Amino acid sequence: MGLQSDLLAWAERSRRDLPWRRTRDPWAVLVSELMLQQTQVARVAPRWADFLERFPTASECAAASVGDVVRAWEGLGYNRRAVSLHRTAVTVVERHGARLPADLRALQALPGVGPYVARAVLAFAFEQDVGVLDTNAARVLARAVAGRRLGTRAEAQAMADSLVPASRGWVWNQAVLDLGALVCTRRRPDCGRCPLARHGAGRRGSCRWDAAGRPEPDPVEGSAGVAGRQTPFVGSDRQGRGRLVAALRRSPVPVTELPAAAGWSTTEDGQARARRIAGSLVADGLAVVGADGCLRLP
DNA sequence: GAAGCGTGGTT
DNA sequence: TAACCACGCTT
């Protein structure tokens, strides 16, 4: 009984059949996690298989140009991830014999790979018993396990690691992530459908927050590991970068046409912004300036 | 219009 | 160490 068996039983019943859950290939798992880390399942699902068809291994990705990887990343957003993925592929070929290391520190040393992706690869490709902590898992920990706000990331990670049932890391982490994403959501947790909540009399339930009567404030408020609010997107540099990269995917852009490609007027202000955005793309390895005065993908 | 979100660089 | 901010696209 208890939280762990409640959650594992729920995972068994509500098994989600996502394509990347059928593979244990570390490269394929890495690609899926890099896509999923900031892009929703519905948008990743059709693109993951296409990307792997194009770049089935780290070696083939490393051999391609950055521009080809950025083009294959279209529609996923946060294009720096594509540059990081290419760099990671090169590093894996040069330093790890073209195979992803099954080691937390070595994985985290790869560009674009942080605590979440490194542990996801360990859990979902190498089937190690580590706690995978993203914002969904952090909500489940704060509400159901702690019943209170988590103070630090280290505390949340230690809690995540300590909960993993021995030799069940793969299914356990899938279950925690699914519960956070589908049921224990940020704004309106669906406790009526939660396997951890008490339903009617006679059974206690294994969620501490629910057992306490779900008092305010919600434990996720200000809790470590739980994502906060985003700054507005419309009119932001991020929006301009996205439009500029979209234009670069089609063809090189003459420097004089940068403001239009970024979606801004050719006022002095628009030109200054466009230059700044182009500079940030170059700094991120997403663009280069050619001898012909055009900005293009590397 | 707003929500969703991990990494890396900086403080 | 830990918090903060920039980074995109779809529904």
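Here is how names work: the chains are called A, B, and so on, in the same order as the sequence lines, proteins then strands, and each is numbered from 1. Both backbone and side-chain heavy atoms feed into the values below; hydrogens, waters and symmetry mates do not. Note that the structure is predicted; figures quoted are calculated from it, not measured.
- Using a 4.0 Å cutoff on non-hydrogen atoms, the parts of residues 240-252 of chain A near DNA chain C are A/R241, A/G242, ordered by number.
- Between A/Q239 and A/S236, the side chains place no donor N or O within less than 3.5 Å of an acceptor N or O (distance only, hydrogens not considered).
- Heavy-atom distances to DNA chain B give each of A/S84 and A/V234 a nearest nucleotide, and the one nearer the 5′ end belongs to A/V234.
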Can you give me the N/O atom pairs linking the protein to nucleotides 2-4 of chain B at distances under 3.5 Å, or say none if there are none?
unit_1: B/dG4; atom_1: N2; unit_2: A/R43; atom_2: NH2; d: 3.4

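- Protein atom CZ of A/R87 is 13 Å distant from nucleotide atom C1' of B/dT7, rounded to whole Å.
- Look at CG on A/D134: it is 9 Å from P on B/dT7, rounded to the nearest Å.
- The environment of CZ in A/R21 is crowded: more than 12 heavy-atom neighbours from other residues, nucleotides or ligands sit within 6.0 Å.
- Between the CG atom of A/L34 and the C1' atom of B/dT7 there is a distance of 10 Å, rounded to whole Å.
- Between A/L281 atom CG and C/dA6 atom P the separation is 16 Å, expressed in whole Å.
- Rounded to an integer number of Å, the gap from CZ of A/R153 to C1' of B/dG8 is 12 Å.
- In this structure, the side chain of A/H199 does not engage the main chain of A/G205 through any donor-acceptor pair within 3.5 Å.
- For the residue pair A/R249/A/N79, the side-chain donor-acceptor check at 3.5 Å is satisfied.
- Among the protein residues, A/I277 comes within range of no part of the nucleic acid, since none of its heavy atoms lies under 4.0 Å from any strand.
- Looking at the side chain of A/Q37, the nearest of the listed nucleotides B/dT7, C/dT10, C/dA6 is B/dT7.
- Under the rule for a salt bridge (Lys or Arg N to Asp or Glu O under 4.0 Å), A/R243 has no partner lying at least two apart in sequence or in another chain.
- Near DNA chain C, defined here as any heavy-atom distance below 4.0 Å, the residues from residues 65-82 of chain A are A/G75, A/G77, A/Y78, A/N79, A/R80, listed numerically.
- With sequence neighbours left out, A/D237 forms a salt bridge (Lys or Arg N to Asp or Glu O under 4.0 Å) with A/R273, A/R276.
- Shown here are the salt bridge (Lys or Arg N to Asp or Glu O under 4.0 Å) partners of A/R186, two or more places apart in sequence or in another chain: A/E221.
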For residues 257-266 of chain A, which side-chain N or O atoms pair as donor and acceptor with protein atoms under 3.5 Å away, sequence neighbours left out?
unit_1: A/S265; atom_1: OG; unit_2: A/T267; atom_2: OG1; d: 3.1

Pairing string, 5' to 3', for DNA chain B - Watson-Crick or wobble contacts under 3.5 Å, brackets [ ] where pairs cross, | to another strand: .||||||||||

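- Counting any heavy atom pair closer than 4.0 Å across all strands shown, A/G151 reaches sugar-phosphate atoms only and no base atom.
- Within the 4.0 angstrom heavy-atom criterion, no nucleotide atom of any strand lies near A/P232.
- Legend: residues meeting salt bridge (Lys or Arg N to Asp or Glu O under 4.0 Å) with A/R139, ordered by chain and number and at least two apart, are absent.
- Its side chain within the 4.5 Å cluster rule, A/V226 clusters with A/V220 among the Ile, Leu, Val, Met, Phe, Trp and Tyr residues.
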Please report, to 0.1 Å, the donor-acceptor pairs under 3.5 Å made by any side chain of residues 288-298 of chain A, with sequence neighbours excluded.
unit_1: A/D292; atom_1: OD1; unit_2: A/C294; atom_2: N; d: 3.1
unit_1: A/D292; atom_1: OD1; unit_2: A/R296; atom_2: NH1; d: 3.2
unit_1: A/D292; atom_1: OD2; unit_2: A/R296; atom_2: NH1; d: 3.4
unit_1: A/D292; atom_1: OD2; unit_2: A/R296; atom_2: NH2; d: 3.4

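- Screening residues 109-121 of chain A for side chain to side chain donor-acceptor pair (under 3.5 Å), with sequence neighbours left out, gives A/E33-A/Y116.
- The residue A/D237 sits close only to the backbone: its heavy atoms come under 4.0 Å of sugar-phosphate atoms, none of a base.
- Between A/D178 and A/Q174, the side chains place no donor N or O within less than 3.5 Å of an acceptor N or O (distance only, hydrogens not considered).
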